[in-house]
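Only one structure is covered here, and it is reproduced in the block below.
Order of the sequence lines fixes the chain letters, A, B, ..., with proteins taken first and strands second; residue numbering starts at 1 for each chain.
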Amino acid sequence: MDDLLADFVAETREMLEASEGEIIAWEANPADGSRLDAVFRFVHTVKGNCGFFDFPRLADLSHAAEDALADVRSGRREPDAALVSAVLAVSDRIVELVDASEDGGACPQGDDADLISALKEGPQDGPVTGDPVDISASEDSAAPCDDAEPAQTPSAAPSIQAQRTIRLPVDLLDRVMSGVSDMVLARNDLAHRLRQAGTQPTIDGPFERLTSILSDVRDAITRMRMQRIETLFGALPRLVRDLSAELGKQVLVDLEGGDVELDREMIEMVRDPLTHIIRNAIDHGIEPPHERLAYGKRENAFLSISARQSGNTISIVVSDDGRGIDEQKIAAKALSTGLITQAERASMDREKILQLIFEPGFSTAEEVSTVSGRGVGLDVVRKNLEKVGGSIKVSSTTGVGTLFTLQIPLTLSIIAGLTVEVGPQRFSIPQSYVEEIIHASASALDFTQMGETALVTFRGQRVPCLALCDVLGLSDDPENEANRSMVMLRLASGDLFALAVDNIHSHGDIVVKPLAPAVMKSGLYAGSTLLDDGQPVLLLDVTNIASAYNLMSDARARVLADALKQESQAEQSVDRAMLFTDFEGRRRAVRLELVQRIETAPAQAIDRSTSSPRVVIDGLILPLIGLPEGPMPAAKIRLLRLTDAVGQLLYAVKEVDDAVALTGELKPVEDDPLVEAVTLVNGQTVSLIDGHAIFARYGETPKPVSRPQCRLPEGDWARTILAPLVTAAGYEIVPGASQDGEADEADEALTIWFEDEFEAAKALEWEFTGPVIRLRDQPDAATGSETIYRYDREGLLSALREARGARGTPHPETGEAA
Amino acid sequence: MNDLLVMAQIAGRRCALQAGDVKSVIELGAITPVPRSPIFIAGITALRSQALTVIDCRIALGFREIAWATDHRAAVVAVGGYSYALIVDAIEDIATGQSTPDKVPGGFGSEWSRVATGMVETAIGPALLIDLPALIAGPETIGAAA
């Protein structure tokens, strides 16, 4: 309520400022009717808003002024100086009252009969109230609660209390926001350079502080764009009241969740759809009172509008307890307009039929009323919501009520995005469309070419497949064709299609920036964004691309697809497993719930120095099973990342085949403890991995790891020849041997020395806290020497591996220091 | 007519841009190409957190052959609320316009007439004053093909 009041006060002041000038101009030229409109709107709005609050004085004042002005507008009354003075006096009084109510929250007592009569008597008595002083004098005597000094202008009105809110142009907010984005980029750049320069405690401290301040500011700015949905809800009671009065219905409205915040642009986006649905509900859904009584319902219908936030979306639910939607009527209408066929009608259940009301050209109202059914249908509502990435659905029970659910994203400008790579270029895809990512060979996906259209098989369903390089007209690298990654995209209409890309890069929040019109014209892009390294990437407009390739289904296909989806959902209840071939050529399967992701790791990232091989993925050390004995079978190894919600485990596989349903009988296996059962898939036996057993034996909670550090000797040779080898072995190069020999944070670091330098350092009695590798220039070593010839690749690599093993458990607290 | 003008060479001719329209002159960094956009759009590039649309002025004028070398610097202009970076042959100087833009008998030729407001006299000689929105709209034929 306080916020509503604050809004009311702010709005009143703002309108008053605008209307005051108009009043004066109107006084100078009373015949100019256009001036009157602003003044009229002001008193009218005040009058309207008073309805929410218990402000009888304000209501009376504004009502009287509105009456007088309405007379002037309709020509029943000639404006004169007296009327202008009276109207000015009224607006002053309104400001005083508004100020007072802002302080106390309640309207002060008093009498405004003098002003009201001044408005009325004006035309009869002419000059009686001609002198404004008269009015202020009478105002004084009649309004004891007001200040002794009459306020002639709003600026003189008492405003001792500090403003709690200010209004700012959105432009300014946007500028601040982009300034902060710039700062974040500058910070990232600086961070990059600082990392290159090495640890510098005097700079790192303040830099850390800058970073945390910046992230605070960024949060605050983001919140500045947010607005409570209350601002949208505020106008609804009035809308409902007016509509129900007009239609002779009695409706109680209940608003819930007004404190949910969303992007102010989004609020504007939802305003029209929401109004439309409410109009619909009152016009079509809610019965007239006598009908309600006849059905044994309460005379007052109940309309509830509630907003809830869940994650990145807001759902707004509008429900009424009216007559509900008659599915027969909808179906009949859809049949008559050719939206569906009789056969389809027979196969559709009630839920499906109800969704037809969102199809273009659908309106059940037999006659067009003044309230709804003005040609703007629910299809437009849905289209507008889908444009911003939202959705709408309806459910209804005949005779009991109807429930509309609107889902809208929190904000338009920051979205989760997936970055994909095609050739040398990167593009972003809004995460909300991404259903699943599949790394698989063309054969596993049953890639087929039907005419010009490519199809893949996904969960037993043939899905159209677009190659992003074709969509963008980029040259296609045939080598990549066999090993593409598929991004399965689910459109708002429910259609699924696959987008083939060369690589999946990363995902994260992206700030969407608009693109120039000439670029937008291509219809492929929704905006641009900057990656962390400052490189701009284009955001793909998935919906537009899909419709350009006719992948968006029309209503009929939509219905059929829904039916299919339901079938596949029924299938979902069956256990599913990921089929793969291991390195011994055996066909195996693991339950799909265990598979978190499919990873690909380069062979050198796998550490086999100990009895249990390990691999570092995403900065975590994870145990690895399934590798064959002997040398690495390939340069890149596919890994199934399995998880039991706590522990993680990687399973190296030769080839990932497909996800299959475990429909066959599971025959338990006794002899292999790691196999749960054997079953038949497509006529072949497959052994199913026992999830419990492998996690019991190998699973462990992943430990975060920082890359071990290594200092190199000075010189070009070390920098250009040695460094890549060391990096490839999984080390991070830290600059310069610590010349002062101090045991700083990086004392865990491995140091590589040339033998002569090492001897010199030893002579200076330096302490060697970390492991050391000594290099010699000559291939032949003196016996007993611990040095390694500098081109002895194998020797170096094994020394590097050994040093890494000796480093023991990683220290996360020092991990990111450099 | 004492406006400040940014003098630049475009497709081998001396042109002038209103200095008020030119926000800055930047060193062009990496340009991300935009597939399936009109060919006069060289791509997008980042200026701080902003993405600039990079326009190749030579192609935007309608010249097909790329016979002129371009500068590594680009002029950043704002048109219709969007920022563009213009690739030109060279950015020369700032000069004061000494006359109102004027037509010359016989016109400037079909490519130039579309984007030229007129000829202005400056201290370093006459130059064609460029109409930025017309330049950025690009040649009709090429734009329509995209």
Side-chain angles (χ1 to χ4, degrees), chain A residues 171 174-189 218 413 419 422-428 468-476 510-525 527-541 544-545 548, chain B residues 21 23-24 26-57 59-62 74-87 114-115 132-146:
Chain A
D171 276 1
D174 287 346
R175 239 174 71 202
V176 175
M177 198 158 171
S178 83
V180 170
S181 305
D182 282 354
M183 277 200 274
V184 171
L185 283 174
R187 189 217 77 93
N188 290 349
D189 191 20
R218 201 181 183 185
S413 46
T419 312
V422 181
Q425 239 187 301
R426 291 182 196 165
F427 297 91
S428 261
L468 188 55
C469 54
D470 293 342
V471 173
L472 300 172
L474 297 171
S475 62
D476 191 6
I510 58 172
V511 179
V512 183
K513 308 260 172 180
L515 279 171
V519 180
M520 288 300 272
K521 234 186 269 169
S522 66
L524 295 173
Y525 312 109
S528 69
T529 185
L530 298 181
L531 294 182
D532 282 347
D533 58 3
Q535 185 196 353
V537 292
L538 294 154
L539 180 70
L540 297 175
D541 187 338
N544 241 339
I545 292 174
Chain B
D21 293 337
K23 303 285 166 219
S24 58
I26 57 163
E27 293 279 334
L28 266 182
I31 299 175
T32 306
V34 181
R36 303 245 167 187
S37 61
I39 58 163
F40 67 91
I41 293 176
I44 54 174
T45 191
L47 170 63
R48 297 192 298 276
S49 72
Q50 242 187 326
L52 303 177
T53 310
V54 185
I55 305 271
D56 190 324
C57 290
I59 305 174
L61 277 168
V76 177
V77 297
V79 176
Y82 298 94
S83 294
Y84 299 86
L86 303 181
I87 299 184
R114 189 176 60 77
V115 299
L132 280 176
L135 179 72
I136 278 156
E140 297 292 308
T141 48
I142 297 172

### Heavy-atom pairs under 4.5 Å with chain A, option from B:Gly80, B:Pro35, B:Gly43 with the top count
B:Pro35

### Message
So for A:Leu524, is it side chain, backbone, both, or neither that comes closer than 4.5 Å to the heavy atoms of chain B?
### Response
side chain

### Query
In terms of heavy-atom proximity below 4.5 Å to chain A, should B:Ile41 be classed as side chain, backbone, both, or neither?
side chain

### Query
With a 4.5 angstrom heavy-atom cut-off, which part of B:Thr45 approaches chain A: side chain, backbone, both or neither?
backbone

### Message
Tell me if a side-chain donor or acceptor on A:Gln425 pairs with a main-chain N or O of B:Pro33 at a distance below 3.5 Å.
### Response
yes

### Query
Quick one: does B:Arg36's side chain have a donor or acceptor within less than 3.5 Å of a partner on A:Val471's backbone?
yes

### Task
Would you please name every residue forming a side chain to side chain donor-acceptor pair (under 3.5 Å) with A:Arg175, sequence neighbours left out?
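By the side chain to side chain donor-acceptor pair (under 3.5 Å) rule, A:Arg175 matches no residue at all.
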
### Query
Are side-chain heavy atoms of B:Ile44 and B:Ile31 found at a separation under 4.5 Å?
no

### Task
State which residues pass side chain to side chain contact (heavy atoms under 4.5 Å, CB included) with A:Thr419; sequence neighbours excluded, sorted by chain then number.
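A:Arg426, A:Ser428, A:His505, A:Ser506, A:Leu531.
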
#### Entry: Residue selection (most heavy-atom pairs with chain B, distance under 4.5 Å) from A:Gly527, A:Ala516, A:Gly473, A:Gly523
A:Ala516

